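Taking it in order: structure first as structure tokens, then the write-up.
Every chain is numbered from 1, with letters handed out A, B, ... down the list of sequences. Hydrogens, waters and symmetry mates play no part in the numbers below; they use all other heavy atoms, side chains included. Computed from a predicted structure; not experimentally measured.
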Amino acid sequence: MQPVIFGILALVTLGAAVMVVTTRNLLHAALWLILAFLGIAGIFILLHAEFLAVTQVLIYVGAISTLIIFAIMLTRNLMDPRQPRFNSQWGLVAGFAALLFVALAAIATRVAWPVAAADVPADAISRLGADFVGPYVVPFEVASVLLVVAMIGAIIIARERE
Amino acid sequence: MVPLTAYLVLAAALFCIGAFGALARKNAVAVLMGIELMLNAININLVAFWRYTAVSQMAGQLFAIFVITVAAAEAAVGLALFIAIYRQRQTVNVEEIDTMKG
């Protein structure tokens with residue numbers, strides 16, 4: 001049963017991702033992006049990372065996608081449907097991306113990863129919280145400062161000049 | 001259980017699709033969407049490795065949460081920049097934003 005679910009989620013995610021990068025209408029691309037994020041949240045659930053799946057939906061679908069849609073609507077020019085989507089080097093980029101995928105897939109399938117078939121600890125979420133304020137407290141505080149700085153910076157940058 | 005390599009190949013494919021989007025699209029917001037796809041591919045990799053190799057430590061999930069945090073901060077600042085540029089130059093076409101081109 002699990003391979004079937006994984007196959008469906010993988011197809012949905014990759015299909016949505018392809019639509020994101022190829023669709024002409026930018027707003028449609030943002031909606032396909034939301035579908036891709038939801039597919040990835042499903043993958044996280046399959047990997048027994050439930051907290052991360054919920055975080056993914058909350059932050060990516062809830063905040064970042066909304067921000068992207070706002071930005072699309074605030075930067076609309078009237079020529080939208082007639083402009084070409086890709087720049088002049090898209091053929092080269094497609095070739096490079098295909099080559100990169102072949103290389104990464106070859107590495108991923110050939111290396112003998114140290115797979116250890118273990119069970120997820122029952123108190124995973126409390127361990128996550130304990131790690132945030134224990135061994136990883138410095139990155140945690142730095143991330144908080146980063147968020148404050150980003151918020152202030154975004155407000156100042158996007159402010160109306162009087 | 002699904003083998004680890006399946007998740008890694010999925011993440012690699014998603015990363016390459018995002019890379020194509022980030023490098024080949026003209027609209028700046030579309031480039032940002034490609035970047036977000038790449039960051040999500042990285043997250044899939046991190047969580048898959050956490051699940052299959054080091055489940056007892058939560059470092060894999062922690063790393064993924066930090067990636068999400070940084071991606072959110074970067075998306076906010078990036079989109080603020082695009083809005084400011086659009087206000088100034090009436091375009092978010094990356095080929096027309098070339099004041100710093102040598």
Report yes if some heavy atom in the side chain of [X] is under 4.5 Å from a heavy atom in the side chain of [Y]; otherwise report no.
X	Y	answer
B:L39	A:Y60	yes
B:I17	A:M19	no
A:F96	B:L23	yes
B:Q57	A:R127	no
B:M33	A:W32	no
B:W50	A:V120	yes

Please look at [X] and chain B and tell me whether the side chain, the backbone, both or neither of the residue comes under 4.5 angstrom of a heavy atom of that chain.
X	answer
A:A36	side chain
A:Q89	side chain
A:F86	both
A:L47	both
A:F70	neither

Return the [atom1] to [atom2] distance between [X] and [Y], rounded to the nearest 0.5 Å.
X	Y	atom1	atom2	answer
B:L10	A:L11	CG	CG	10.0 Å
A:S126	B:M58	OG	CE	8.5 Å
B:L37	A:I40	CG	CD1	7.0 Å
B:N93	A:T75	CG	OG1	11.5 Å

Grab the two heavy atoms, one from [X] and one from [Y], that are nearest each other, plus how far apart they are.
X	Y	value
B:A72	A:I64	CA-CD1, 3.6 Å
A:P114	B:T53	O-CG2, 3.3 Å
B:G21	A:V21	CA-CG1, 3.5 Å
A:F44	B:V47	CE2-CG2, 3.7 Å
B:L79	A:A71	CD2-CB, 3.4 Å
A:A143	B:T69	CB-CG2, 4.1 Å

| query | Checking B:R87 side chain against A:R159 main chain: does a donor-acceptor pair fall under 3.5 Å? | reply | yes

| So, does B:Y86 use its side chain to make a donor-acceptor pair with the main chain of A:R76 at under 3.5 Å? | yes

So which of [options] has the biggest tally of heavy-atom pairs under 4.5 Å with chain A?
options	result
B:S56, B:G18, B:G34, B:G78	B:S56
B:F15, B:F82, B:Y7, B:Y52	B:Y7
B:A84, B:A80, B:A48	B:A80
B:A13, B:A75, B:A59	B:A13

| So, A:F101 versus B:F20, ring centres under 6.0 angstrom or not? | no

| field | Ring center gap for B:F66 and A:F132 short of 6.0 angstrom | value | yes

| query | Going through the checks in order, is the side-chain contact (heavy atoms from CB on, under 4.5 Å) test met by A:D119 and B:V55? | reply | CA-CA 7 Å; A:D119 280 331; B:V55 193; over 6 Å; no

Select one option (side chain, backbone, both, neither) describing which atoms of [X] are under 4.5 Å from chain A's heavy atoms.
X	answer
B:R25	both
B:A28	neither
B:A41	neither

| said: Quiz question: by atom type and distance under 3.5 Å, do the side chains of A:Q56 and B:N40 form a donor-acceptor pair? | reply: yes

| Highest number of heavy-atom pairs under 4.5 Å with chain B: which of A:L104, A:I5, A:L128? | A:L128

| Picking from A:P3, A:A63, A:A124, which has the most non-hydrogen pairs under 4.5 angstrom with chain B? | A:A124

